[in-house]
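Report on one structure; see the data block that follows.
Just so you know, these numbers come straight off a predicted model, no measurement behind them. Convention: sequence-line order gives letters A, B, ...; per-chain numbering from 1.
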Amino acid sequence: MSDMHTLYAAFAAKIAAALAALEKEAQLPAGISHAAVSVEPPRDPSHGDLATNAAMVLAKQAATNPRALAEKIVEKLSADPAIESADIAGPGFINLRLADESWREELRAIAALGADYGRSTLGTGRTVNIEYVSANPTGPMHMGHCRGAVVGDALAALLEFAGHDVVREYYVNDAGAQVDVLAESVYLRYSEALGVAIGEIPPGLYPGEYLKPIGQALAGEYGDKYLEAPASEWRGLFRKRAVAEMMALIRADLALLGIHHDVFSSEAELQAAGKPDQAEAWLRQHDLVYDGVLEAPKGKTLEDWEPVELPLFRSTRFGDDQDRPIRKSDGSWTYFGADLAYHMQKAGAADELIDIWGADHAGTVKRIKAAVAALSQGQGKPIPFDVKLVQMVQLLRGGEPVKMSKRSGNFVTIADMVEEVGKDVVRFTMLTRKPEAQMDFDFAKVVEASKDNPVFYVQYAHARIRSTLRKAEAEGLAPSPANVERLGPDELALVKLAAQFPRTVEAAAQAREPHRIAFFLYDLAAAFHAYWNMGNDDSGKRIILAHDPELTGARLFLGQQIGQVIRNGLALLGVEAVEEL
RNA sequence: GCGCCCGUAGCUCAGUCGGAUAGAGCAUCGGAUUCCUAAUCCGGGGGCCACAGGUUCGAAUCCUGUCGGGCGCACCA
């Protein structure tokens, strides 16, 4: 389905046609760029329904002044019956007022497209791989993972709705030192299950209770077979088993948030397949990796620092502070060394890559972007690659910071959080802020069902609509498009707002900012609540009017479509559109 | 010391590839409920868009610098 079905796109096309006609008549020079021409609703509704800056941005190239050019454009547009008026305002804006029928047509379009209203062809034919969460498989998901998980998931849904093929991917870091520590921690629980007194968990190991069941399961399966055995005999087995169990735990936590990935990629498998070796060989051939010694860090003094020769990637060529090691001194891969190979693997099956990272990894963005650029260009398939950084969330309860201690394994888990405030509140709250700004998450505020909480506000608007439709049905009244011409200005104003949904989807997808959907829904809900309350002051403005089934049908139809748009938007955010509150 | 992110109303935040008189919620003050869900609505007050320069027809938005907050800064991930 073409995005030309939406009203804003259709009028952008009309303006383009007017400009083309002027070119043909040599009123405009041919071949000038129209890229800066925009068609948007003016901030002030009294200016009209649509405004374009075409005359202002083209005047210089056309060697004329904006108002003179605007007059010519207006002349062309005025011929269109869908355009009721076209006026020139301010420095050269062209304000258009559309015929009411245009808005009624859009209302019918919402009904016809239903759940597909707002879907775009923007990304058709492009596969985007979006990697998010990728938490280490060493324990349950905690709050530190939550925002990135929600933002990544909403972005994936948004890009999909905008026409892209989307691959939701999770990188399982099952090859580093941390999973050996995990294996040891599980071994301790295994011993414990066999009756060994383990006492305090030694520092450096994972102390969480969640490892106990794995130790017990292993004790049940293997008895005391590994109790006296050297680590070399059990480490691999325990590691593999522990990672599998942790990933099951993590998937369950993600499911609580409504998040499901398409692909889980294992770092260990990547290394076993020799991908990092291949990348290193190529980089060395092209003098992008060399053996060298790093300088001591500047900002702080490290007592145990000593110079070591390592294979270094020349990230300084790409604006990084220093070159970065791809292997450790024992020959094993650094995270970065494996990660660059991993990104090439992803690039093989996608046209674009997006990573969602926590802000604490900001320092590593330059090196990975540099490596991906170098490798993908060198291999003849340069790939757009975007790293979105998600800022920290400060957890509060009634204004006081929630204390967390990593050492004791005492942290706020996602499971706790979803249980306490609910999936919808967690998701919506995380999406009502732009990701690159820090945010506070206050348990006390967020569960207040009315005050500070936009989730309920939007859901309430939807619930009101559904409730009205139920009540009307009980009275034998049904929504109908038959008499939409009886809808008045207050009602068409709602349509005008809802009609911005498709362009909001496209703008949000292009900017990769799912939070714009959340704010749009808030505005639409507010407009509906205001409309609703008109019926409190003037009973003639209520939706259900027993004496006038035709007008009632038209208003119910309007409400039905507003509800549809709210549902479509909430679906992108992964928030439920409730029937009642 | 260096890098990245942020700085908009008392508080929490929006602000469309630069566009017309900078918006919303909370808080505060004043109103609306015999009536489709008042978990809602209507109205008032509240701003040197951190500061200083620059770019241009036009800057909260782009550039430079300063100040303030956060995050990070050897073979951790």
Anything under 3.5 Å between a protein N or O and an N or O of nucleotides 43-47 of chain B, put it in a table, one pair a line.
none

Watson-Crick or G-U wobble partner of [N], both distances under 3.5 Å:
{"N": "B:rG1", "value": "B:rC73"}
{"N": "B:rC35", "value": "none"}
{"N": "B:rA52", "value": "B:rU64"}
{"N": "B:rA24", "value": "B:rU12"}
{"N": "B:rG43", "value": "B:rC29"}
{"N": "B:rG19", "value": "B:rC57"}

Picking from [options], which would you name as closest to the side chain of [X]?
{"X": "A:Met392", "options": "B:rG19, B:rU40, B:rC71", "result": "B:rC71"}
{"X": "A:Phe456", "options": "B:rC6, B:rC41, B:rA39", "result": "B:rA39"}
{"X": "A:Arg503", "options": "B:rC35, B:rU16, B:rA20", "result": "B:rU16"}
{"X": "A:Tyr460", "options": "B:rA74, B:rG72, B:rU40", "result": "B:rU40"}
{"X": "A:Asp360", "options": "B:rA38, B:rG72, B:rC6", "result": "B:rG72"}
{"X": "A:Gln322", "options": "B:rC17, B:rA74, B:rA20", "result": "B:rA74"}

Examine the side chains of [X] and [Y] and answer whether a donor and an acceptor come within less than 3.5 Å of each other.
{"X": "A:Asp323", "Y": "A:Tyr290", "value": "yes"}
{"X": "A:Gln178", "Y": "A:Asn173", "value": "no"}
{"X": "A:Arg567", "Y": "A:His462", "value": "yes"}
{"X": "A:Glu131", "Y": "A:Tyr170", "value": "no"}
{"X": "A:Ser265", "Y": "A:Glu169", "value": "yes"}

Check whether any side-chain nitrogen or oxygen of [X] sits under 4.0 Å from OP1 or OP2 of [N], and answer yes or no.
{"X": "A:Trp532", "N": "B:rA38", "result": "yes"}
{"X": "A:Tyr457", "N": "B:rC41", "result": "yes"}
{"X": "A:Lys328", "N": "B:rA77", "result": "yes"}
{"X": "A:Ser467", "N": "B:rU37", "result": "yes"}
{"X": "A:Arg470", "N": "B:rC36", "result": "no"}

In whole angstrom, give me the gap between the [atom1] atoms of [N] and [M].
{"N": "B:rA22", "M": "B:rG46", "atom1": "P", "answer": "14 Å"}
{"N": "B:rA60", "M": "B:rC71", "atom1": "C1'", "answer": "25 Å"}
{"N": "B:rG3", "M": "B:rU40", "atom1": "C1'", "answer": "48 Å"}
{"N": "B:rC11", "M": "B:rU55", "atom1": "P", "answer": "34 Å"}
{"N": "B:rG25", "M": "B:rG43", "atom1": "P", "answer": "10 Å"}

Between the protein and nucleotides 11-15 of chain B, list every N/O to N/O distance that falls short of 3.5 Å.
{"residue": "B:rU12", "atom": "O2'", "partner": "A:Arg433", "partner atom": "NH1", "Å": "3.4"}
{"residue": "B:rC13", "atom": "OP1", "partner": "A:Arg433", "partner atom": "NH1", "Å": "3.2"}
{"residue": "B:rC13", "atom": "O5'", "partner": "A:Arg433", "partner atom": "NH1", "Å": "3.3"}
{"residue": "B:rA14", "atom": "OP1", "partner": "A:Lys434", "partner atom": "N", "Å": "2.6"}
{"residue": "B:rG15", "atom": "OP1", "partner": "A:His515", "partner atom": "NE2", "Å": "3.1"}

Rounded interatomic separation in angstrom, taking [atom1] from [X] and [atom2] from [N]:
{"X": "A:Asp321", "N": "B:rC73", "atom1": "CG", "atom2": "C1'", "value": "7 Å"}
{"X": "A:Gln560", "N": "B:rC36", "atom1": "CD", "atom2": "C1'", "value": "16 Å"}
{"X": "A:Trp357", "N": "B:rC71", "atom1": "CH2", "atom2": "P", "value": "19 Å"}
{"X": "A:Gln391", "N": "B:rG70", "atom1": "CD", "atom2": "P", "value": "12 Å"}
{"X": "A:Gln178", "N": "B:rC75", "atom1": "CD", "atom2": "P", "value": "14 Å"}
{"X": "A:His462", "N": "B:rU37", "atom1": "NE2", "atom2": "C1'", "value": "14 Å"}
{"X": "A:Asn536", "N": "B:rU34", "atom1": "CG", "atom2": "C1'", "value": "12 Å"}
{"X": "A:Asn453", "N": "B:rA27", "atom1": "CG", "atom2": "P", "value": "13 Å"}

When all nucleic acid strands are considered with a 4.0 Å heavy-atom cut-off, which category describes [X]: base, sugar-phosphate, or nothing?
{"X": "A:Ala472", "answer": "nothing"}
{"X": "A:Met56", "answer": "base"}
{"X": "A:Leu294", "answer": "sugar-phosphate"}
{"X": "A:Ser38", "answer": "base"}
{"X": "A:Thr364", "answer": "base"}

**OP:** Anything under 30° is parallel, anything over 60° is perpendicular, the rest tilted; go ahead and classify A:Tyr342 against A:Tyr171.
**Re:**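 Answer is parallel, since the angle falls under 30°.
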Subject >> Ring geometry between A:His515 and A:Phe519 (parallel below 30°, tilted from 30 to 60°, perpendicular above 60°) >> reply: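 Plane angle over 60°, so perpendicular.
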**OP:** Could you say whether the aromatic ring of A:His361 and the base of B:rG72 stack, counting only centre distances under 5.5 Å and plane angles under 30°?
**Re:**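 No, aromatic ring not over the base.
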**OP:** Verify the stacking flag for A:Phe93 against B:rA20: centroid separation must be under 5.5 angstrom and the ring planes must differ by under 30 degrees.
**Re:**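 So yes, this residue stacks on that base, both cut-offs being met.
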Original post:
Per the atom types in the model, does the base of B:rC75 pair as donor or acceptor with the side chain of A:Ser329 at under 3.5 Å?
Top reply: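 Answer is yes: a donor-acceptor pair is held.
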**OP:** Step through it carefully: locate the ring centre of A:Phe441, locate the ring centre of A:Phe443, and say whether they are under 6.0 Å apart.
**Re:**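 Yes; A:Phe443 has its ring centre under 6.0 Å from that of A:Phe441.
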Original post:
Would A:His47 and A:Phe93 count as a close aromatic pair, with their ring centres under 6.0 Å?
Top reply: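 No, the ring centres sit 6.0 Å or more apart.
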Original post:
Do we get A:Arg367 above A:Phe313's six-membered ring, with its NZ or CZ under 6.0 Å from the centre and within 45° of the axis?
Top reply: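 Because its charged atom misses either the 6.0 Å distance or the 45° angle limit, A:Arg367 does not stack over A:Phe313.
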**OP:** Examine A:Arg503 relative to A:Tyr8 and say whether NZ or CZ is less than 6.0 Å from the centre of the six-membered ring and inside a 45° cone about the ring axis.
**Re:**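 Relative to the ring axis of A:Tyr8, which defines the angle, A:Arg503 lies inside both limits.
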Subject >> Toward the 5' end of RNA chain B, by each residue's nearest nucleotide, A:Ala362 or A:Glu580 >> reply: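 By nearest-heavy-atom nucleotide position, the 5'-most residue is A:Ala362.
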Subject >> Residue whose closest nucleotide on RNA chain B lies nearer the 5' end, A:Thr334 versus A:Val39 >> reply: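 Closest to the 5' end, via its nearest nucleotide, is A:Val39.
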Original post:
Does A:Asp180 pair with A:Arg239 as a salt bridge, N-O distance under 4.0 Å?
Top reply: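 Yes, A:Asp180 and A:Arg239 are salt-bridged.
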Subject >> Audit row: A:Ile465, A:Trp532, side-chain contact (heavy atoms from CB on, under 4.5 Å) steps and yes/no >> reply: CA-CA 9 Å; A:Ile465 289 168; A:Trp532 173 278; over 6 Å; no
